[in-house]
Amino acid sequence: MNILHVSAQKPDSTGSGIYMSGIIKGMQKLGNKQVLVAGIDIEDNVENIENKFDNKVEFFPVIYNSKELDFNVPGMSDNMPYPSTRYRDMSYSMAEKMKKAIIASLKEAVRNFEPDVIVCHHLYFSTSIVRELFPDKKVVAISHGTCLRQIRSIDFKKDYILDNVKKLDRIYALHNEQKKIIANIFGINNEKIEVLGSGYDSSVFYNKKYKKEGSVKISYAGKLSYSKGLLPFIDALDSLDYDKNTIKIVFAGDGSIEEEKNTIIKKANNCKYEIDFIGRVDQFRLCEELNKSDIFVLPSYYEGLPLVLLEAMSCGNYIISTDVDGVEEWLGDRIKNSGLIEYVSLPKMKAVSIPYEEELDAFKNRLKYAIEKAVDFRIKNRDKSLNIENLSWDGLAKSLLGSLEKAI
């Protein structure tokens, strides 16, 4: 099968980019021919992206900060791990430039490749452009969650997006709760939406079974932003009663909103426990850090489907995660009952990713309790882990391929 993948964002820098890359690599193993249209910055190296797929996937980039597109790559979140343009700040002129550039890359890709099906990533602007441009082609799309937050939060091209997403041949949700949200937002029949799930790269992320001694290591990986719940997480850490050498903390990641990032770092520097910021790292370095870690914490207020939980779990971590929509159901009862995961109830929200201030003290206490439980467990059980190889990208790619074959 010939498959064209389309994303407005960078294909190697976010959770949705990792998801798309995992699907492409899984499809490669199944013998499919694929090409990619995605956004990059003029300073990004096209060859690096093609090398990511062993030079077997031709890349037709939409290049930003260029003469035609004189602004940053748009981001599906307001705080991206690279300089980005927020959709809420995009003018009519910017949107038209973006649409024109995406159409040019799409036409070139289709002319050279003649895809059997087009797989779009995010139920948003670029997907709507694809559907409008190719009304007679099979076009499907995968929701990564953040697109739903965007369409519920801002009015950017809302009618255009709602109208064209309804016309997609099939939509893939990450879990059942998201399926309900998609059906409600877009007014789509449930039969058109299929739950696909998520996966991780088992060739990169696996348990190296290091012998762990000394301080219990707690890790976080993701954007340095308020929406990730890092400020109450640091407060919860600071309220622990362990000796300062009992635990060590490492944060991997970066943020594009300097004020938020600097506030988080300043609070961390005042914490009684050492918090080491290692910045944005590649997948192999992240695997190494997660293998050295005992406990992984994701205190986020909102997530599409956090792939990093699978990555951390595959490297042997005890998991603490907020109970963001669909995650507990997605991970399933085997993981829930493993004794290696703790779900923390979210504070009530006044808007997407924005909690009520009066809810935060109780949230910090819930985080503190979960961290204490995890640390006490790890002091006694440093080596216990869970095998989750069944949740790898290869299995997910097989499921998607089977569905696409039915669609065409």
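For clarity, every value in this text was computed on a predicted model and none was experimentally measured.
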ask   = Side chain of Lys208, backbone of Cys287: donor and acceptor closer than 3.5 Å?
value = no

message = For Glu274, is there an ion pair with Lys244 - N to carboxylate O distance below 4.0 angstrom?
response = no

task = Please name all residues satisfying ring pair (Phe, Tyr, Trp, His ring centres under 6.0 Å) with Tyr64, sequence neighbours left out, ordered by chain then number.
result = Phe71

key: Straight-line distance of Ile181 CD1 to His175 NE2, nearest 0.5 Å   = 7.0 Å

SB check Asp394 Lys25 (cutoff 4.0 Å) = no

request  = Output yes when Lys261 and Glu258 qualify as a salt bridge under the 4.0 Å nitrogen-oxygen rule, no when they do not.
outcome  = yes

inquiry  = Side chains of Lys52 and Val57, heavy atoms from C-beta outward: is any pair under 4.5 Å?
reply    = no

request  = Describe, in one word, how the ring planes of Phe363 and Tyr301 are oriented to each other, choosing from parallel (under 30°), tilted (30 to 60°) and perpendicular (over 60°).
outcome  = tilted

query = Got a salt bridge between Asp44 and Lys10, using NZ or NE/NH1/NH2 to carboxylate O under 4.0 Å?
reply = yes

ask   = Any side-chain donor paired with an acceptor under 3.5 Å for Asn65 and Asp70?
value = no

key: Sequence neighbours excluded - side chain to side chain donor-acceptor pair (under 3.5 Å) pairs with any residue from residues 395-408   = Tyr172-Ser403, Glu194-Ser403

Point-to-point distance, once rounded to the nearest 0.5 Å, from NZ of Lys217 to CG of Leu290 = 8.5 Å

query = Are Glu389 and Tyr206 close enough that a side-chain donor and a side-chain acceptor fall under 3.5 Å?
reply = no

message = Using a 6.0 Å distance limit plus a 45 degree cone around the ring axis, check whether Lys228 lies over the aromatic ring of Tyr220.
response = no

message = Can you tell whether the side chains of Lys373 and Glu342 come within less than 4.0 Å, N to carboxylate O?
response = yes

message = Can a side-chain donor-acceptor contact be found between Ser153 and Arg88 if the only test is distance below 3.5 angstrom?
response = no

task = With sequence neighbours excluded, give me every ring-ring contact (aromatic ring centres under 6.0 Å, His included) pair touching residues 265-292.
result = Phe251-Phe277

ask   = Can a donor-acceptor pair be found between the side chains of Ser227 and Ser353 at a distance below 3.5 Å?
value = no

task = Taking only Lys NZ, Arg NE, NH1 and NH2, and the carboxylate oxygens of Asp or Glu, determine whether Lys100 and Glu96 approach each other closer than 4.0 Å.
result = no

key: Neighbour count above 12 (heavy atom, 6.0 Å) for Glu358 CD   = yes

ask   = Where does the angle between the aromatic ring planes of Tyr87 and Phe125 fall among parallel (under 30°), tilted (30 to 60°) and perpendicular (over 60°)?
value = perpendicular

task = State plainly whether the residues Asp235 and Lys364 are in salt-bridge range, i.e. N to O under 4.0 Å.
result = yes

query = Testing Ile171, Ile118, Val119, Leu168 for side chain to side chain contact (heavy atoms under 4.5 Å, CB included) with Thr127, which one passes?
reply = Leu168

ask   = Has the side chain of Asp169 got a donor or acceptor atom that lies under 3.5 Å from a matching backbone atom of Val139?
value = yes

task = Compute whether any side-chain donor of one residue and acceptor of the other, for Thr263 and Glu260, lie under 3.5 angstrom apart.
result = no

